[in-house]
Structures are given as C-alpha cells and as structure tokens.
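Notes follow the structure.
Along the sequence shown, residues are numbered consecutively beginning with 1.
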Amino acid sequence: MNFLSPAQEKATHAALKRHYKAVAFDIDGTLTELSRWTIPETLCEVLNSLPREVPLAFCTGRSMEHIQGKLAHIFKKAPDEDVQRKRWHILSENGGAGFTWNPRKKDYEKFLDVTWPNSVITQDTLEAFIKDKLGWTAQFIIKEHSMVIRFHDWLYLFPRLVRLVSSRTAKKLHHLFAKMGIQKDLLIQDSGVGNLIIPKESGKGKAVARWAKHLDIPLSDILVIGDQANSGENDEEFLCGNYGTPFTVGRQTSNLYPLPVLDERGRKLWGPRGTEYLLRKSFSQLFS
C-alpha cells in the first residue's frame with residue numbers, strides 16, 4: 001500500500017520521529033484481533049517495556065469491568081505490576097468517564113465524568129422508542145454514560161453479516177433521532193459489531209484532550225492508535241487528527257489523518273501486529 005499523498009508520507013515520517021509523552025489505545029481491532037479477546041503475548045511485552053514515564057490509556061467504548069480483564073492480562077507479563085498499574089489510565093464508554101489509579105487507596109479515581117442528558121430524554125425512554133422501531137434485532141446494555149445496542153449471539157458467528165446489520169441499524173437510528181429532534185444532543189457510533197449512543201459532549205477524542213490537560217502535556221505529544229476511522233465509526237473522532245497524533249491499524253480513510261502503519265516494504269499492517277510494529281518504531285531506542 002502506498003501513501004495517499006506526498007503530504008501523508010511527509011506527515012508519517014515526521015510522526016515516527018516525534019518524542020511521544022503518552023499513548024492512547026483503542027482495544028478491539030487495535031490491541032486484540034476483532035475475533036479474539038486476548039492481547040498477543042509479544043504486544044504485552046512491548047507495552048510493559050515502554051518508558052515508565054510515558055502514561056498509557058485505554059480509550060474504548062468498553063466498560064471498566066472489561067478493561068480490568070485486559071489490564072490483568074498485560075500485568076501477567078509485567079516485571080512490576082504496581083509500576084505498570086500506576087501508569088495506565090482508563091477512558092471508558094467512548095469518553096464518558098476517565099479514571100486514574102490511586103496507589104494509596106489501591107483503587108481507580110474518576111477525573112472525567114460526562115453525564116447522560118436526562119433533561120432531553122432518559123435512557124429508559126429512549127430504549128422503549130428504539131425497541132418499538134427496531135424490534136427483535138436490538139438488545140440493550142444501559143451504562144452510566146452510554147447505551148449499547150448489540151444483536152443476538154448467533155449473528156456474531158457471521159462477521160460480515162453483523163457488520164452489515166450494525167451499519168444499517170446506525171442509519172435507522174440517525175433517521176429516528178432526527179424525527180425525535182435529539183440528534184444534536186446524542187451521538188450514534190457504529191463499532192461494526194453494534195452501536196453506541198453517547199452524549200454529544202462525550203467522544204474518544206474529547207476524552208484524550210481532557211486526559212492531556214489532566215496530565216499537563218501537549219495534546220500533539222500523545223500517540224493515538226485505533227482501527228475504525230471512517231465516517232460514523234467508533235474511532236472517527238479519535239483518529240481525525242485534532243486529538244493527538246493518530247495512526248490506524250484498520251481501514252484507511254481518504255483524509256490525511258489517520259496515518260497508516262506500513263512495514264519496511266510499504267505493506268499495510270493491521271490490528272495488534274500493526275500496533276506492536278508502530279510502538280517499536282516510535283520507541284525505537286528501546287528495541288534497537
């Protein structure tokens with residue numbers, strides 16, 4: 001795969017030379033394969049080898065419970081779990097909440113909290129409206145900062161079909177929200193395996209910006225890595241170029257950002273393999 005333009009090639013070379021002060025990761029399709037639940041062992045080793053002074057963050061639509069399992073997997077390969085736990089931050093529910101580890105309390109503390117706009121419509125009421133329109137296809141998970149729409153378990157045996165259903169469901173939701181007059185208050189995002197509904201103040205990109213402010217570091221010095229950058233997808237805002245320096249290990253858009261991850265022969269690298277390669281290139285002094 002070639003670069004989209006000379007400008008993108010120049011931007012990629014510059015990005016690989018930047019001294020990053022923090023890294024934010026999507027999970028599904030970025031740290032793990034979409035069809036698997038575990039982070040590859042070699043990637044865990046690379047994550048644990050990054051400089052201790054570089055904070056790391058999960059930036060995901062997933063819940064705290066799910067993320068805790070990923071952290072446990074990473075810490076199994078860590079020479080010092082306490083050191084690693086202290087450097088990891090959690091930006092969950094697509095930017096609805098942000099947590100840092102408090103070593104004294106041995107627990108996570110919230111530094112970011114985007115509340116659901118109940119003055120517009122409650123989650124229970126919205127669920128009833130959507131069920132009435134979507135019927136049997138929709139299954140709901142109501143969280144503190146978001147609503148997740150997923151499908152029946154059997155559908156996930158057919159990845160292409162579930163992506164199609166997920167995309168069509170997102171389009172139906174956009175139409176429904178426009179009719180209800182709430183499209184300016186809530187955002188709909190398509191993860192490819194379901195849909196996420198969040199307040200407009202939420203978003204992975206906005207969460208990274210708030211994280212940068214919390215850390216007191218320049219936003220441009222944060223490396224962000226995701227895989228779903230197309231319009232309406234889960235990482236669109238996260239990888240648009242306004243929130244850190246973005247790379248994609250998934251499909252490429254027609255825009256300058258996100259930047260592709262290419263190997264030495266110019267071949268596109270996908271998923272965890274691409275993430276590991278990018279980290280080794282970005283922190284090459286550790287892996288030379």
For [X], look at atom [atom1] and say whether over 12 heavy atoms of other residues, nucleotides or ligands are found less than 6.0 Å away.
| X | atom1 | result |
| --- | --- | --- |
| R273 | CZ | no |
| F140 | CZ | yes |
| R52 | CZ | no |
| K110 | NZ | yes |

Is there a donor-acceptor pair under 3.5 Å between the side chain of [X] and the backbone N or O of [Y]?
| X | Y | value |
| --- | --- | --- |
| T122 | N118 | no |
| E33 | I39 | no |
| Y277 | P272 | no |
| Y156 | F151 | yes |
| S49 | E45 | yes |
| E93 | S63 | no |
| D227 | G250 | no |
| D235 | L239 | no |
| Q189 | L196 | no |
| S167 | R163 | no |

Checking side-chain polar atoms at under 3.5 Å, does D190 have a donor or acceptor matched by the opposite partner on S166?
yes

Report yes or no: do Q139 and H152 form a side-chain donor-acceptor pair below 3.5 Å?
yes

If you compare all heavy atoms of [X] against all heavy atoms of [Y], which two are closest, and at what distance to 0.1 Å?
| X | Y | result |
| --- | --- | --- |
| Q252 | L4 | CG-CD1, 4.0 Å |
| P117 | L186 | CG-CD2, 3.8 Å |
| A212 | L219 | CB-CD1, 3.9 Å |
| A207 | L112 | CB-CD2, 4.0 Å |
| I225 | T30 | O-CG2, 3.5 Å |
| S146 | I198 | CB-CG2, 3.8 Å |

In plain terms, say whether [X] and [Y] are close enough for a salt bridge, that is, a side-chain N and a carboxylate O under 4.0 Å apart.
| X | Y | result |
| --- | --- | --- |
| E201 | K206 | no |
| R62 | D28 | yes |
| K204 | D26 | yes |
| R251 | E233 | yes |

So do the side chains of [X] and [Y] get within less than 4.5 Å of each other, counting heavy atoms only?
| X | Y | answer |
| --- | --- | --- |
| F25 | V224 | no |
| L173 | K133 | no |
| V208 | C59 | yes |
| P246 | F238 | no |
| L262 | R267 | no |
| F247 | T12 | yes |
| T32 | K70 | yes |
| F283 | V54 | yes |

Can you tell me how far [atom2] of [Y] sits from [atom1] of [X], rounded to the nearest 0.5 angstrom?
| X | Y | atom1 | atom2 | answer |
| --- | --- | --- | --- | --- |
| H73 | L47 | NE2 | CG | 10.0 Å |
| T248 | N230 | OG1 | CG | 8.5 Å |
| E127 | D132 | CD | CG | 12.0 Å |
| K143 | W116 | NZ | CH2 | 12.0 Å |
| K21 | H19 | NZ | NE2 | 6.5 Å |
| K172 | N195 | NZ | CG | 11.0 Å |

Look at the side-chain heavy atoms of Ile, Leu, Val, Met, Phe, Trp and Tyr, link any pair under 4.5 Å apart, and say whether [X] and [Y] land in one connected group.
| X | Y | answer |
| --- | --- | --- |
| Y108 | V114 | no |
| I217 | Y243 | yes |
| M64 | F75 | yes |
| L71 | V83 | no |
| F99 | F111 | no |

Other than L164, what residues sit in its cluster of Ile, Leu, Val, Met, Phe, Trp and Tyr side chains whose heavy atoms are under 4.5 Å apart, directly or through others?
none

Kindly indicate whether a cation-pi arrangement holds for K86 with W88, taking the cut-offs as under 6.0 Å to the six-membered ring centre and within 45° of the axis.
no

side-chain contact (heavy atoms from CB on, under 4.5 Å) partner of I197, the single match among V148, L187, I130, I182
I130

Do you know which of K106, R87, E109, H89 makes side-chain contact (heavy atoms from CB on, under 4.5 Å) with W101?
K106

Report the C-alpha separation of E9 and H13 in whole Å, then their side-chain angles, then the decisive distance to 0.1 Å, and conclude whether the side chain to side chain contact (heavy atoms under 4.5 Å, CB included) test is met.
CA-CA 6 Å; E9 183 175 8; H13 290 318; 3.5 Å; yes

Working for side chain to side chain contact (heavy atoms under 4.5 Å, CB included), residues M180 and L126
CA-CA 10 Å; M180 296 172 66; L126 183 57; 4.1 Å; yes

Tell me, with the steps shown, if F3 and L259 meet side chain to side chain contact (heavy atoms under 4.5 Å, CB included).
CA-CA 9 Å; F3 292 103; L259 304 171; over 6 Å; no

Full working for side chain to side chain contact (heavy atoms under 4.5 Å, CB included) between T245 and Y20:
CA-CA 9 Å; T245 301; Y20 293 108; 3.3 Å; yes

